[in-house]
Protein chains: 2
Amino acid sequence: MKLSTKGRYAVTAMMDLAINDRNGPVTLAEISSCQGISLSYLEQLFAKLRKVGLVEGVRGPGGGYRLGKPVDKVTIAEIILAVDESIDSTQCQGTEDCHAGDRCMTHQLWEDLSFRLYEFLNGITLSDFIKRPEVKRVSVDQGSTSNHINKMFQPVTGSH
Amino acid sequence: MKLSTKGRYAVTAMMDLAINDRNGPVTLAEISSCQGISLSYLEQLFAKLRKVGLVEGVRGPGGGYRLGKPVDKVTIAEIILAVDESIDSTQCQGTEDCHAGDRCMTHQLWEDLSFRLYEFLNGITLSDFIKRPEVKRVSVDQGSTSNHINKMFQPVTGSH
DNA sequence: CTATTCCCGAGTGAATCACTAGGTATTAGT
DNA sequence: ACTAATACCTAGTGATTCACTCGGGAATAG
């Protein structure tokens, strides 16, 4: 689960597609000029997105890209995994007898954390963003219909 | 909020410190041989961690590194931010009149997501890991004392 | 004094990032 | 049939970052 600028480009581009879904395909030229990313670089990113079925291209004039799945099925984790390939957890992983014996359970702990992070990002879909189109920074409308998201805005109470 | 192998090194090293907290300082040589990371590279990482007060060094024989704060005050987000400096959200950010007008709210949406991710990682502390030392993959003990963590293992129900 | 540790800076090959350049394939409009 | 618009594909490139080596210091326990 890596996360870098490349992943950001992919996610924001996918958001763009999700927002303008009903108006037909979105061209890369639009996204490029709008987001200030190179066209050819976008093409490379979309090649990866297309390979895993997250988007589908429409050729010819009036063409562009459409989402390959319904907005509520596309998760942030998928998008990031498609372009920012995962971190290599090599390093004596599996064979945990690396040293003093009782140390070095950190691999396990990291995988725990990594899994949690994945679950978190896999619980957020594109629809969670386009649902509140102009509503900038929603302010905790209780009893929400969009489940599990607003939890993130809540407590953390104990720690800071 | 970037996340790469570098951040993983820092997090696992900090976990190591947290686990062996009571046995005096931990040397970089130990972490190095245990985790298969170069000693000098570790030194560079720990220089950054020291700069923000996450660790403190003890010189001389028997020295090493100690946590700079109580384990329950050190969050994953802090560690990652200390070594993996944040993603540049440049690109027409602020001036959102980049194109057709009603498009391009994606910056805002990205910042939303980025903030959520930060909150998530800032809600996990080192103590959440060392609390269950040998307990591999805890299985949802309800009514937990360690609040907000086990929520992550729960629903996501709707999406997949 | 000496060995052990942290501390510091400079340099290096490899990989990745974001991009440029130059194509080909498909299709809507005329 | 022609043209323009679009997706699609491959190769290369400078800049940056990654993970590392090397060569030193500075502090301190024994």
In this structure, how many angstroms lie between the [atom2] atom of [N] and the [atom1] atom of [X], rounded?
{"X": "A:Gln44", "N": "C:dT20", "atom1": "CD", "atom2": "P", "answer": "11 Å"}
{"X": "B:Lys48", "N": "C:dC7", "atom1": "NZ", "atom2": "P", "answer": "16 Å"}
{"X": "B:Gln35", "N": "D:dC20", "atom1": "CD", "atom2": "P", "answer": "12 Å"}
{"X": "A:Glu43", "N": "C:dC19", "atom1": "CD", "atom2": "P", "answer": "13 Å"}
{"X": "B:Leu39", "N": "C:dT5", "atom1": "CG", "atom2": "P", "answer": "11 Å"}
{"X": "A:Leu42", "N": "C:dC19", "atom1": "CG", "atom2": "P", "answer": "9 Å"}
{"X": "A:Glu30", "N": "D:dT6", "atom1": "CD", "atom2": "C1'", "answer": "11 Å"}
{"X": "A:Leu45", "N": "C:dT20", "atom1": "CG", "atom2": "P", "answer": "14 Å"}

Legend entry - Nearest non-hydrogen partners of B:Ser127 and B:Thr125, listed with the distance: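 Reported closest heavy-atom pair: OG-OG1, 2.7 Å.
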Legend entry - Closest contact, heavy atoms only, A:Asp16 versus A:Gln35: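 Residues A:Asp16 and A:Gln35, closest heavy atoms: OD2-NE2, 3.5 Å.
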Nearest listed nucleotide, side chain of [X], among [options]:
{"X": "A:Tyr65", "options": "D:dC8, D:dA29, D:dC20", "result": "D:dC8"}
{"X": "A:Ser40", "options": "C:dA21, C:dC19, D:dA7", "result": "C:dA21"}
{"X": "B:Pro61", "options": "D:dA29, D:dA26, C:dT26", "result": "D:dA29"}
{"X": "B:Arg59", "options": "C:dC19, D:dG25, D:dT21", "result": "D:dG25"}

Legend entry - Closest-nucleotide ordering on DNA chain C, the 5'-leading residue of A:Tyr41 and A:Gly62: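 Taking each residue's closest nucleotide, the earlier one in sequence belongs to A:Tyr41.
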Any side-chain N or O of [X] less than 4.0 Å from the OP1 or OP2 oxygen of [N]?
{"X": "A:Thr5", "N": "C:dA18", "value": "yes"}
{"X": "A:Arg50", "N": "D:dC8", "value": "yes"}
{"X": "B:Ser38", "N": "D:dT21", "value": "yes"}

Inset, instruction - For the pair A:Glu78 and A:Lys73, find out whether any cationic side-chain nitrogen is under 4.0 Å from an anionic carboxylate oxygen. - result: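 A:Lys73 and A:Glu78: not salt-bridged.
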Inset, instruction - Would you check if the side chain of B:Asn122 reaches a backbone N or O of B:Ile76 as a donor-acceptor pair within less than 3.5 Å? - result: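 Not confirmed, B:Asn122 side chain does not pair with B:Ile76 backbone.
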Inset, instruction - Quick one: pull up CG in A:Leu3 and CG in A:Leu121 and give me the separation to the nearest 0.5 Å. - result: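 Between atom CG of A:Leu3 and atom CG of A:Leu121 there are 7.5 Å.
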